[in-house]
Protein chains: 2
Amino acid sequence: MISLKEAEKILGKFHFNKTGYIKIEESYGRVLAEDIRSNIDIPRFDRSDIDGYAVTELLDEYILIDEVFAGDNKNLEIKGNECVSVATGGKVPKNTKYIIPIENTVRVGNKIVVVSFDRIEGISKKGCDVKKGDIVLKKGTLINERNIGVLAGLGIDEVKVYKTPKVGIISTGNELFKMTKDVNSKTIAEVVKKAKCEPIFLGLVRDEFDIIREKIIKASKKCDIIVTSGGVSVGERDFLPKVVDDLGKILFHKIKMRPGMPMLFGKINKKPIFCMPGNVVSCLICSYVFLLPFLMRMTHRTYKRRIIKAKLSEKITSEPDFLYLRPVKLKNGIAYPIFKGSNIITSILDADGLAIIKEHELKKNEGDTVQVWIF
Amino acid sequence: MISLKEAEKILGKFHFNKTGYIKIEESYGRVLAEDIRSNIDIPRFDRSDIDGYAVTELLDEYILIDEVFAGDNKNLEIKGNECVSVATGGKVPKNTKYIIPIENTVRVGNKIVVVSFDRIEGISKKGCDVKKGDIVLKKGTLINERNIGVLAGLGIDEVKVYKTPKVGIISTGNELFKMTKDVNSKTIAEVVKKAKCEPIFLGLVRDEFDIIREKIIKASKKCDIIVTSGGVSVGERDFLPKVVDDLGKILFHKIKMRPGMPMLFGKINKKPIFCMPGNVVSCLICSYVFLLPFLMRMTHRTYKRRIIKAKLSEKITSEPDFLYLRPVKLKNGIAYPIFKGSNIITSILDADGLAIIKEHELKKNEGDTVQVWIF
């Protein structure tokens with residue numbers, strides 16, 4: 001039996017570095033596996049910031065020789081007292097030094113008379129926003145909606161990102177075929193989706209060595225990571241330890257933590273396999289504690305536990321050497337324990353997080369400050 | 001021209017109350033439109049919490065008469081010195097009062113000898129977790145992964161939730177057909193997805209009254225909410241105000257806010273239409289400020305602005321009566337303004353949030369504390 005920290009160290013040895021190209025519209029929350037350089041200047045040309053007249057020197061009067069709207073690609077040139085009407089975003093003529101705002105002028109035929117000089121707006125020079133060849137987004141960037149806009153602006157349709165692993169989920173237990181509904185595959189799948197990975201539900205299996213073995217062989221071919229629930233303890237029908245040992249290697253079994261103690265972790269053909277306890281509360285807590293941070297790291301993102309402090313509404317006792325994680329409901333800075341048993345689904349229904357009773361603490365009294373790991 | 005608060009008041013008059021059934025696997029982040037009652041007791045029967053022997057009274061020795069594994073549906077009964085071996089989660093026989101842990105016993109043939117009484121574990125009584133008829137989740141609940149597990153446990157496959165609106169997105173501007181890439185439809189779509197609504201990109205349209213009008217008529221038939229960008233100012237080719245006025249009603253046009261001042265909001269056949277400015281920074285900021293909270297409310301969720309305090313690295317000046325929202329990069333509690341112009345995409349690329357200069361403030365100096373609205 002090992003501690004949470006030792007378990008995390010073992011999990012930390014796995015990596016996932018597959019990359020692939022995806023459309024920018026699907027890239028939100030993914031991590032860039034390449035530097036993004038611009039192939040173009042933005043703006044692509046000297047661009048007017050306002051509606052006005054492009055001029056080459058400051059005079060009182062100009063002759064209007066042409067007009068440019070946004071999107072026009074005219075190659076105009078002005079000199080002396082010539083001016084060209086340019087809309088916001090429009091390409092300015094060669095030699096343009098200033099844009100005189102339209103509201104500071106009066107037009108008489110093709111003559112433009114300046115009536116106020118109080119605001120001379122400029123021009124956005126070609127490449128002033130982004131220069132051709134610039135690194136715009138670095139490898140390792142977690143792509144957000146603003147990045148996607150910028151990528152679109154650069155004319156980039158696809159980017160190279162780290163792939164997200166396929167996570168095969170298997171629920172074991174004879175009871176799932178008759179008396180009890182399968183809860184664990186649903187909560188595991190949601191934790192997988194939270195990490196932006198792809199859950200693949202591979203079905204229910206009975207407590208039989210050969211059937212479980214076959215299912216896991218299939219999963220190890222089809223998926224990058226396998227997560228099972230149930231059959232992980234030491235009972236007569238707990239076949240997961242035997243199957244993992246037969247097909248690969250058990251890296252740890254049993255953690256000094258409650259709920260979640262019976263959890264097993266191993267590898268089969270270099271692929272990680274998480275065998276969660278069958279009790280719904282234990283399975284969910286192991287998924288939060290081990291699977292979620294693991295998947296975040298596999299997808300090259302950082303995972304930070306959100307921990308707050310609260311006062312306990314009642315005493316919690318624990319065992320020496322064991323980490324206790326007790327579901328609590330939070331209200332006005334008070335943590336109310338709602339744990340009724342690791343097989344009681346309402347223990348997690350209203351929970352906002354897990355109160356942490358550390359290995360050496362043994363108990364926390366009513367009114368004591370406790371750290372709560374927010375879901 | 002109206003203030004942000006007045007604009008929010010107008011937006012607050014719209015509601016969206018369509019409901020529909022979805023599979024629980026797709027219900028994460030959605031809001032329940034019904035109370036969920038349990039049709040079953042959980043557990044469905046008196047269940048053993050451990051591996052042990054079910055007995056009806058505390059004795060030193062028992063006769064083993066049968067065994068029960070999880071999932072077995074045997075209707076057994078014990079009396080006197082009889083016992084039944086029951087696995088964790090197994091259905092206990094009639095008359096069971098205690099479960100004696102297997103590790104506290106020695107088995108000799110069909111005789112079970114108790115060697116230690118130090119831990120007598122109990123039974124989870126039928127319905128102790130959830131009682132048939134109980135309200136398990138209330139209308140208005142924002143569904144999380146734990147709720148999904150509980151719904152699965154109750155045998156519920158589908159739930160009634162508030163529907164999420166379809167948001168039609170249109171980009172206008174001749175320049176988008178030639179010189180400039182369409183950024184706005186991408187950033188708007190990502191903001192829509194952030195609110196868990198469905199973006200439907202309806203294409204680019206040229207700056208022509210009839211074409212824009214036709215496109216918006218189509219959008220108002222197909223979608224619940226319309227969002228356009230561009231053509232919303234007062235230039236010769238800014239047709240959005242005319243089109244909205246023609247097809248429906250302008251509810252506000254121009255807000256005392258920069259960037260984002262030219263924004264328009266109206267309704268067409270009772271459907272809200274947001275006409276965002278064409279400048280990429282203005283469009284994105286209007287999407288954050290108005291569209292995101294609006295969509296969250298339409299989907300019956302609450303939206304809280306995440307505001308932190310930071311010190312300004314340099315002076316920002318504003319105009320009387322105008323709210324200024326300036327993109328800033330945050331580092332060690334310092335807010336670095338990175339606004340280079342509302343048409344400069346790199347103004348948002350590295351931004352972490354928007355520094356808020358309120359209507360009456362006029363300026364914030366270097367070192368002043370400023371509120372930053374985190375994206």
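Order of the sequence lines sets the chain letters (A, B, ...), proteins ahead of strands, with each chain counted from 1.
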Counting only heavy atoms closer than 4.5 Å, note whether [X] contacts chain A via side chain, backbone, both or neither.
X: B:Asp207; answer: neither
X: B:Leu349; answer: both
X: B:Arg206; answer: neither
X: B:Val150; answer: both
X: B:Ile42; answer: side chain
X: B:Thr346; answer: both
X: B:Ala70; answer: both
X: B:Ile102; answer: neither

Worksheet item: Taking atom types as modelled and ignoring hydrogens, do the side chains of B:Arg146 and A:Tyr288 form a donor-acceptor contact shorter than 3.5 angstrom?
Response: yes
Practice prompt. Examine the side chains of A:Ser38 and A:Asp134 and answer whether a donor and an acceptor come within less than 3.5 Å of each other.
Written response: no
Worksheet item: Relative to chain A, which of B:Phe45, B:Phe177, B:Phe69 shows the most heavy atom pairs under 4.5 Å?
Response: B:Phe69
Practice prompt. Could you tell me which of B:Asn73, B:Asp72, B:Asn174 has the largest number of non-hydrogen atom pairs under 4.5 Å with chain A?
Written response: B:Asn73
Worksheet item: Between A:Glu145 and B:Lys193, is there a side-chain N and carboxylate O pair less than 4.0 Å apart?
Response: no
Practice prompt. Run the salt-bridge test on A:Asp35 and A:Lys138 with the 4.0 Å N-O cut-off and return the result as yes or no.
Written response: no
Taking everything shown except [X] itself, do over 12 heavy atoms lie less than 6.0 Å from its [atom1]?
X: A:Lys132; atom1: NZ; answer: no
X: A:Lys126; atom1: NZ; answer: no
X: B:Lys194; atom1: NZ; answer: yes

Can you tell which of [options] has the highest number of heavy-atom pairs within less than 4.5 Å of chain B?
options: A:Lys181, A:Lys91, A:Arg44; value: A:Lys181
options: A:Asn279, A:Val136, A:Thr88, A:Ile40; value: A:Val136
options: A:Ile348, A:Leu154, A:Val130; value: A:Ile348

Item to complete: Name the region of A:Asn144, side chain, backbone, both or neither, that has any atom closer than 4.5 Å to a heavy atom of chain B.
Response: neither
Item to complete: Sort A:Ile188 into side chain, backbone, both or neither according to what part of it lies under 4.5 angstrom from a heavy atom of chain B.
Response: neither
For [X] and [Y], which heavy atoms make the closest approach, and how far apart are they?
X: A:Gly278; Y: A:Asn184; result: O-ND2, 2.8 Å
X: B:Val232; Y: B:Pro277; result: CG1-CA, 3.7 Å
X: A:Ile344; Y: B:Ser124; result: CD1-OG, 4.1 Å

